[in-house]
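As structure tokens, the structure follows; a few thoughts come after it.
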Amino acid sequence: MITLNNIDKVYRTERVETLALQNINLDIADGEFVSIMGPSGCGKSTLLNLIGLLDKPTKGKLLLDGTHINGAGDRSLAKMRNEKLGFVFQSFHLVPDLTVLDNVEIPLLYRKIAAGERKKLALAALDRVGLSSRVHHFPTQLSGGQQQRVAIARAIVGKPRIVLADEPTGNLDSAMGDEIMGILQELNEKDGTTVVMVTHDDRFAQQTGRTIRLFDGRQVA
Amino acid sequence: MIRHLLKLVWRRKRANALLIVEIFFSFLVFFAVVTFGTSAIMRYNKPLNFDWHDVLVLNVSIPSERGLPPGERHGDNTADVAALDRLMKEIAAMPQVVAIGGSHTPPYSLSTMEGVWHMRGKRVRMTMDDVTDGYPKAMNISLLRGRWFKPEDDALGYTPVVVDSDLAKALFGDEDPIGQKFDEEGEHEQRVIGVMPPFRKNGEFTSEHINMVFRRLTLAEKSVRVPGSLLIRVRPGTPAAFEEAISRRTHEIFPNYEQRVRRMEAMRTFALRIYLTPVAVGSVIAAFLITMVALGLSGVLWQNVTRRTREIGLRRALGAAGNEVNRQILGEVALLATLALIIGVIVVAQLPLLGILTLVSPTSFTIGLVGALATIYGLTLLCGLYPSWLAGRVQPAQALHYE
Ligand SMILES: Nc1ncnc2c1ncn2[C@@H]1O[C@H](COP(=O)(O)OP(=O)(O)O)[C@@H](O)[C@H]1O
Ligand SMILES: [Mg+2]
């Protein structure tokens, strides 16, 4: 359960102040598949980062599973990100020096889990995205679609209740995009994982339960 | 987590190799500085077992028959030897003088007679000097056992020698050295009559175990090699004018030979400077090197963190707390330092085989090793502190923003 109340986000740099989000009110229920749409620079990533606890709102209340996160310290935020959330990014963000398997294990390094168990979970997650045959490859040896599947495996390896995906198909051709969309849908339908996805593609947005539209930092639908 | 770090370090071996090499070399430099520094301090704190205060050193360049190559031998030097004997007796009788003794290579003179002798079936490196009966009193050397030379020894059927306890141990082990046969030169047998504590011939920084032996030198012997230095112990507070007087008298007796009078204190100052100058230069170079390495290391580590901002942001997003990232980066630094130091220790461990223990004591070697390990670990961790602190402060949203 994600709740945003009167959220503002202001970016302050030396010269300019950008009001990236203004008065956002939002409830996302468990098990929903929500898409966020809007023109470039309207604040979609900012919104997703706030939900993902990667950044803090300038104003307003944000609750995750009923926990008020405004006052939470770095440690408990990190713990919540690790246990409750999974991230998928447009540019995959895999560590190039690590194998597919090691990349997928990263979230589990920040939990108390034995190495053997870690490997088992990572292999299971990779199996889930159909990459069991590529576990010892390095990211550069994979296609874009395969890399994004690794990123999804990494997002779900810790069995989070929420997966946040920021334009996960943005760097992929449409066939690969369909594949990724299929995996996210399966996650949502089979496991009941809440999925919040930023997309530019109307086709994918229509396949989600609900679409939030942003324009210039405001919620327009 | 350590395995994870090892994998990262291994995959980035090209960038890390440079760091490892840097740490490795600073370890070697530090090892050398600490080892030789400790050795110098330990040597400095050991007793000299002689006393350089209130000693004048008179050098007279009397040609010595035995000291010259055959072609240049100018014949008999009995007249010179007799005159020298007279001069010594005259000086000894002066009220300012406590004792006078002749020596070929006195302390701090920067000249030494040393070599490896075969004796009692052993090869022993030793340092040698021939001294007259007044020498021990002039240099204020006390004995552990036995006695020093005396004029009556002229009548002995052998040449008496006094060894220091290091040489006694090297030659005779636990046997009583007194009365033992030392060596023979022609028909002359040499016997040990006294044992002194370890003699630090070149002063405070003399290496350990120089294995000193003093052979009795008597001017009564025919065609003797003339002692080049006369050591004169004077009463404390004797004015510099006395040096003038000695010099004048020497000139009267030996008008044709060069001569000079110095205080042993001045020779000491000079000798210590000669030893300490390279040490000081070495330390400055080492300090400079270490500073460069520390700056370079911080720079490279800092760059390393900057280059990995995205990876760090990603780890933060995936659940690493700020101080976990901080610790990971420090862990990587520690891992690199460990790898470099393992190589360093392997290299340094070969040095005893190459004979470093003849230059420094095992204690200085150990202190050097442990000290350098601790310092380099400390230094690399110190260099890693700021970069890893920066890494811990990376804001995930910002780091992942750069696409
Ligand atoms: N870290 C930041 N610092 C300053 N301004 C930012 C930062 N991140 C985003 N912005 C600005 O906030 C606005 C919204 O950005 P973003 O959420 O990335 O948009 P979108 O994802 O919809 O393209 C933009 O004007 C962008 O320039
Ligand atoms: Mg965006």
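Quick caveat, the model's predicted, so the values are computed rather than measured. Residue numbers start from 1 in every chain, and the chains themselves are labelled A, B, ... in the order their sequence lines are given, proteins ahead of strands.
- Contacts between Arg154(A) and chain B at a heavy-atom distance below 4.5 Å involve the side chain alone, from C-beta outward.
- For the pair Thr309(B) and Ile312(B), the minimum side-chain heavy-atom distance is 4.5 Å or more.
- Around NZ of Lys61(A), the count of heavy atoms belonging to other residues, nucleotides or ligands within 6.0 Å does not exceed 12.
- Considering only heavy-atom pairs separated by less than 4.5 Å from chain A, the leading option among Gln395(B), Arg3(B), Arg12(B) is Arg12(B).
- With a 4.5 Å cut-off on side-chain heavy atoms, Leu98(A) and Arg11(B) do not count as touching.
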**OP:** List the steps and the verdict of side chain to side chain donor-acceptor pair (under 3.5 Å) for Thr99(A) and Asp102(A).
**Re:** CA-CA 5 Å; Thr99(A) 61; Asp102(A) 289 329; 3.1 Å; yes
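- Aromatic rings from Phe365(B) and Phe31(B) are positioned such that their centres are separated by under 6.0 Å.
- Residues of residues 313-346 of chain B lying within less than 4.5 angstrom of chain A, judged on heavy atoms, are Leu314(B), Arg315(B), Arg316(B), Ala317(B), Leu318(B), Gly319(B), Ala320(B), Ala321(B), Gly322(B), Asn323(B), Glu324(B), Arg327(B), Gln328(B) in numerical order.
- Between Asp166(A) and Ser45(A), the side chains place a donor N or O and an acceptor N or O closer than 3.5 Å (distance only, hydrogens not considered).
- More than 12 heavy atoms of other residues, nucleotides or ligands shown are found within 6.0 angstrom of CE on Met1(B).
- In this structure, the portions of Asp97(A) lying under 4.5 Å from any heavy atom of chain B include both its backbone and its side chain.
- A side-chain donor-acceptor contact under 3.5 Å links Ser132(A) and Asp127(A).
- For a residue to count as touching a neighbouring chain, one of its non-hydrogen atoms must lie under 4.5 Å from one of that chain's; by this rule Phe138(A) touches chain B with the side chain only.
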